Amino acid sequence: MPRPPGFQRDDVLLRATEVFWSRGYGATSVCDLVEATGLKPGSIYAAFGSKKGLFLEVLDHYHNDHLRAVDQAFAGAPSSLAAIETLFRQTADATLKATGSRGCLAVNTLLELAQHDDDIARNLQNGSERLRRRLEERLASARANGELCAAANPEALSAFLMNNLWGMRVLCKSNPTATALDGIVHGVLAAITASRSARLHS
């Protein structure tokens, strides 16, 4: 079935994101997607293959938007460690703003689907790995510039940072305080700059 006139893929993905994010994957019906996107069921299947195909593309779009925001934050930072601090402070701010709301789409999807759907699990893993590599690059640069000790292991430290970023995203469901989140950011920065941390250094 041909796409309807004026079909804009990004616009459809944004509208579908709102539905999936608000309702969850399982509770979202094709009828919900039809109402939100303005597409007929046949057009949705023609463009995305299935409800799951649309959702996977929604997740890709979500990952890409997040990574663009991360790249912008990194580009404006005066140093590699400052870039990482900016990312964590932005994540803390976003966590506070999301408190009591729908939370993080990636975390919600992880909890709802990742254990039951290999395609979803791989999608989330790939999105997470793309961010981890960006962090590893910044950490390697920080080590080269003397911001970290020479023994620091960027790969191990990037995994540590990812674990904390995911943890902060989960916290939006538990009404964290600004003080608590600030403490997490301080703790993470202290950990990666510590000269002695056998578990994080090679």
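Given the structure is predicted, the values throughout are model-derived calculations rather than measurements.
- For the side-chain contact (heavy atoms from CB on, under 4.5 Å) with Phe48, the qualifying choice from Leu33, Val12, Val58 is Val12, the only one to do so.
- Note: Arg138 CZ to Phe74 CZ = 6.0 Å, rounded to the nearest 0.5 Å.
- Rounded to the nearest 0.5 angstrom, Leu148 CG and Leu81 CG are separated by 5.0 Å.
- Salt bridge Arg68/Asp65: present, at least one basic N to carboxylate O contact under 4.0 Å.
- A side-chain donor-acceptor contact under 3.5 Å links Thr193 to the backbone of Ala190.
- Other residues, nucleotides and ligands contribute over 12 non-hydrogen atoms within 6.0 Å of the CD atom of Gln90.
- To the nearest 0.5 Å, atom CG of residue Leu67 and atom CZ of residue Arg130 are 4.5 Å apart.
- Atom-to-atom distance recorded for Thr28:OG1 and Lys51:NZ is 6.0 Å, nearest 0.5 angstrom.
- Side chain to side chain, Arg169 and Asn108 fail the donor-acceptor criterion of an N or O pair below 3.5 Å.
- Placement of Leu14 and Phe55 in two distinct hydrophobic clusters is found when ILVMFWY residues are connected by side-chain heavy-atom separations under 4.5 Å, directly or transitively.
- With contacts defined as side-chain heavy-atom distances shorter than 4.5 Å, the pair Ile120/Glu112 does not qualify.
- Nearest heavy atom pair, residue Ala194 against residue Cys149, reads O-SG, 4.5 Å.
- Here the side chain of Thr95 pairs a donor or acceptor atom with the backbone of Met168 at under 3.5 angstrom.
- Nearest heavy-atom pair across Leu139 and Ser158 is CD1-N, 3.4 Å.
- Every residue meeting the side chain to side chain contact (heavy atoms under 4.5 Å, CB included) condition with Ser29, not counting sequence neighbours, appears here in chain and number order: Cys31, Asp32.
- No side-chain heavy atom of Val188 sits less than 4.5 Å from a side-chain heavy atom of Glu85.
- At least one side-chain heavy atom of Ile192 sits less than 4.5 Å from a side-chain heavy atom of Phe160.
- Under a 3.5 Å cut-off, the side chain of Ser141 and the backbone N or O of Glu137 do not form any donor-acceptor pair.
- Annotation: side chain of Leu13 is not in contact with side chain of Thr37 (no heavy-atom distance under 4.5 Å).
- Heavy-atom minimum distance, Ala121 versus Ala114: CB-O, 3.5 Å.
- For the pair Phe88 and Leu165, the minimum side-chain heavy-atom distance is below 4.5 Å.
- For the atom pair CG (Leu105) and CD (Glu18), the distance works out to 9.5 Å, reported to the nearest 0.5 Å.
- The minimum heavy-atom distance between Trp166 and Ala106, with the atom names listed, is CH2-CB, 3.9 Å.
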- request: Starting from the C-alpha separation in whole Å, work towards a yes-or-no answer on side-chain contact (heavy atoms from CB on, under 4.5 Å) for Asn123 and His63.
  value: CA-CA 9 Å; Asn123 182 286; His63 295 319; 2.9 Å; yes
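- For Arg15 and Asp11, the salt-bridge test passes: some basic side-chain N is under 4.0 Å from an acidic carboxylate O.
- A 4.5 Å side-chain heavy-atom check between Phe20 and Leu59 finds every atom pair outside the cut-off.
- With sequence neighbours excluded, the residues forming a side chain to side chain contact (heavy atoms under 4.5 Å, CB included) with Asp119 are Lys52, Leu56, Asp117, Arg122, listed by chain and number.
- Rounding to the nearest 0.5 angstrom, the gap separating the OG atom in Ser80 from the CG atom in Asn145 is 5.5 Å.
- Of all heavy-atom pairs between Ala152 and Arg143, the closest is O-NH1, 2.8 Å.
- Residues passing the salt bridge (charged side-chain N to carboxylate O under 4.0 Å, His left out) test with Arg132, sequence neighbours excluded: Glu129, Glu136.
- Among all heavy-atom pairs drawn from Leu181 and Ala92, the shortest one is CD1-O, 3.5 Å.
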query: Would Leu135 and Leu87 count as a side-chain contact (heavy atoms from CB on, under 4.5 Å) if you check the C-alpha gap in whole Å, the side-chain angles of each, and the deciding distance to 0.1 Å?
result: CA-CA 10 Å; Leu135 290 170; Leu87 173 60; 3.8 Å; yes
